[in-house]
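As C-alpha cells, the structure follows; a few thoughts come after it.
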There are 2 protein chains.
Amino acid sequence: MATMKDVAGMAGVSTTTVSRVINGGSASPAVTRRVMDAIDTLGYQVSASARSLKGKRSNIVGVMVVDVSNPSTTQTLHGITSVVHAHGMTVMLASTGGVPQEELASLEMFAGQHVSGIIYMGTQTREDVADALNRFPAPVVVGGQERGSLRWPIVVFDNYDAGYDIARELLGLGHRRLAFISAPLDDEHVGRFRLQGFLDALAHSGVTPPDHCVQYGDFSVEAGHAAMQRILDGSGPPPTAVAAASDTMAIGALRCLRDRGLRVPGDVSLVGFDDIPVAARLIPSLSSVALDERELGEMCAELLHRMTQREDTDVTRVVLGHRIILRESVTSVL
Amino acid sequence: MATMKDVAGMAGVSTTTVSRVINGGSASPAVTRRVMDAIDTLGYQVSASARSLKGKRSNIVGVMVVDVSNPSTTQTLHGITSVVHAHGMTVMLASTGGVPQEELASLEMFAGQHVSGIIYMGTQTREDVADALNRFPAPVVVGGQERGSLRWPIVVFDNYDAGYDIARELLGLGHRRLAFISAPLDDEHVGRFRLQGFLDALAHSGVTPPDHCVQYGDFSVEAGHAAMQRILDGSGPPPTAVAAASDTMAIGALRCLRDRGLRVPGDVSLVGFDDIPVAARLIPSLSSVALDERELGEMCAELLHRMTQREDTDVTRVVLGHRIILRESVTSVL
DNA sequence: TTGTAAGCGTTATCAG
DNA sequence: CTGATAACGCTTACAA
C-alpha cells in the first residue's frame, strides 16, 4: 500500500500538503492537481488506522444485534448500512446471540476500535451490560426495545399503540369474542406492550376475554399452533377473532384452525404482526400489523450520525408508526 | 480511554512489559499479576488502530454482500460472524446492492482499514471489480458463486449436482413430463447450473422436455406464478412434476396451480430450492433442495482464517453438499 | 526478565 | 500557501 509519503514524494510536496488536499484544506490549484494525480497513479488510500489513531475519529459505527439471521433484524440492518454508507462511514457488526458475556466482549471490541458510535439492538439487557453501555465513551442509540435503565436515546415502535389499534379494528368489525396469542411477557421488545394495548382497547369497550383466550408463545410456528389449541380447548364457544403477536405464530394458529375444521375467515378472523413477506401469499392471505423495520434502522443510523456531529443531542425518544394491513384472513361479523 | 502508558505507570513497569503481558511474552508472575490488576482497574483496552498501524494486522474481516436482507445471505452472515468472533476477530460489513461502483468503494474502504482478509459474496462480478479483488493486498475468499476470473479460492454449492439430483429423484418416482422454472441464465450463482444439471439428468434418461417447459424468473413469487402460467399455457398435457430454482418461485407456482384447479401433489408434484423456513409450513408442505447457507459462511470464514495464518494456501475450491427434502408436495406416479 | 527507543501513517501546531 | 516537527498508542529490535 502506498503511503502519504509516497504521494508527497511523487507530487514534490510535503505530507502536510497532501493531507490538506485530501481533507479540503487550502492549497493552490496547481499543487492540488499534482497531488490528485499522484494519488490516482499510486492508488493511494488513506490509512484508517493511522487517521483513527491520530484523530480519534474512526468513522466506524458498531452495530450490535442478537441474531443476524432474524428476518426483522435483517431489515433493520439493511436500513442501517444504507444510511451509514451514505455518510461515508462503515459498519462493524457484532452478533451476540443475546448472551451478556458476548455483549460485553463486543463492547470492549468496539471500544478498542474507537468506534464513532454504537447502535444497540439487544432485547433483554442485563444490568452490567446496561452499565457498560451507559459508560461507553461514544454515543449510543438503542433500537427496538423499551429503554430500561439505558441513558441513551431510543428508537422504537409503539407496540402498545399497535396492539390497541388492531383491537379497535377488530371491535369495529363487530368481533366481541377475541383471543390474543402473546409473546412471552419477559420479552421487553414486544411481549408486554402489544398484549397490554390489545387488552386495554377491549376494556375500553367493555369486553373482557376469558383467561384461556390469552396464551403465550415464543414466536415459533409451533408455539402458535399450540397456543391456538389451548384457546380452542378452553370452555365456551371459540373466539371469532384471534390476534397473534407475530405472523409466524399466526401461521401456526392458522394451521391449527384448519386442522380443527374451522375456516378462516369464515369462522375465525386472524391477524398477525410484522407483515413478513409470505403473509400476503398465504391462502387465505394473512392480515398483519406492519412495522417498518428498515425505517427503524435508518432512524437509528441517522440519529446516531447527528449525535456524532454534536447536533440535536436533546432527542431522547423517536417513536415510529405502524400500518394495519387487512387481507383475506379478517372479515366483519356485522 | 486508558492507554498502555497508564497501565505501565500504575503497575510500575514499562510499556514494553505491559505489551508482553498482553501478548503472551515472558514476564515474571509477580509482574504479570500487577499488570493484569492495573488493566482491570483502569478498564484498559488495546487500541486496535494503534496495533493495526504498527503491526499491519487489523484482525478485521471485511464481508461484502449484495443484500444483507436476503434470507440466504443472512444465514451465511450468521455462519461468518460466529466463526470470525470465535477467532477473536471482528466483522466489517459492506452491503453493495450488487452495484459495481459500490463494490469498488467498499474494497477501497477495506483496504483503508487494513482488513486481514475479505469474504466476497457478490453474484455478478464486473471485470474491473474482479481485477480489484485479484489485486487486493490481503487474502480473499469467494463465497457462493462460480469463480469467473477470480484468482482466489472459492466455496460453493454444486448447483449442477443439485439440479441433477432432484431430476433423478423425480424420474425415480416415475415422472416423465417435467418442467423447470429457472433463475435467469446470467445469474452466475444458480442460474445456469441448476438448470443444466436438471436437463442433463433428464437427457441421460432419454427425456427431453418441450421448450415451453423451461421458463425463467427472477426469484420472486410473482415471477414463479407467471412462469407456471406460461408452462400451463403451452401445448400438450401439463407436466406431472415441476421444479423451481427457488422456494419463492415454487410458492408462486403453487398458487398458480391452485388457481387453475390443479392439485399438488395430486396432479402436479412440486419442488423448490433453498428450504426456506416456511417451506415446511405450507399446505401442502413444500419439498425442497436444501443448501446449508450457514455452513457456507462458516467454511468461508474458516478458510480465510487459515489463509491469514499462512497455512493451507493451496486450497482452491471447497464444494459443499446439499440435501433433498421430500415433503407432501411430491408424490410418485408409479 | 525487563527497559530504551525508534517508527508505523496521519494530522495539528506553529513557523516561514 | 506551504513545510518541519511532534504526537497519537502500540510493537519490536536491541540493550542491559
Sugar-phosphate only, base, or nothing, as touched by B/T16 at under 4.0 Å among non-hydrogen atoms: base

Any side-chain donor near an acceptor of the partner, B/S47 and A/H114, under 3.5 Å: yes

Side-chain donor-acceptor contact under 3.5 Å, A/S52 with A/S58: no

Integer-rounded Å distance: D/dT2 C1' and A/R34 CZ: 11 Å

Residue pair B/T74 / A/T74, side-chain donor-acceptor N/O under 3.5 Å: yes

Residue B/S14, side-chain atoms from C-beta onward, closest of C/dT10, C/dT4, D/dG9: C/dT4

A/S47 vs C/dT10: side-chain N/O to OP1/OP2 distance below 4.0 Å: no

Phosphate contact (D/dC1 OP1 or OP2) by A/S26 side-chain N/O below 4.0 Å: yes

DNA chain C-proximal residues of residues 4-13 of chain A, any heavy atom under 4.0 Å: A/M4

Nearest-Å distance for atom pair CZ/C1', residues A/R20 and C/dA12: 10 Å

Listed partners of A/R294 passing salt bridge (charged side-chain N to carboxylate O under 4.0 Å, His left out), at least two apart: A/E298

Separation of atom CG in A/L53 from atom C1' in C/dA12, rounded to whole Å: 14 Å

Atom pair distance, as rounded to whole Å: CD1 in B/I39 and P in D/dC10: 10 Å

Residue-phosphate contact under 4.0 Å: B/S28 side-chain N/O, C/dT1 OP1/OP2: no

Close side-chain approach of B/V63 to B/V65, heavy-atom, < 4.5 Å: yes

Out of C/dT10, C/dG3, D/dG3, whichever nucleotide has its closest atom nearest the side chain of A/T3: C/dT10

Nucleotide C/dT10, atom P - distance to CD of B/Q113 in whole Å: 13 Å

Whole-Å distance separating the CD1 atom of B/I22 from the P atom of D/dC10: 7 Å

Side-chain H-bond candidate by donor/acceptor type, A/S19 with A/N23, under 3.5 Å: yes

Side-chain donor/acceptor contact of A/K54 with base of C/dT10 under 3.5 Å: no

Flag for A/Y44-A/T3: side-chain donor and acceptor within less than 3.5 Å: no

Sugar-phosphate, base or nothing in reach of B/V18, heavy atoms under 4.0 Å: nothing

Atom-to-atom span, CG of A/N23 to C1' of C/dT11 - whole angstrom: 8 Å

Value in whole Å for how far the C1' atom of D/dC10 lies from NE2 of A/H114: 10 Å

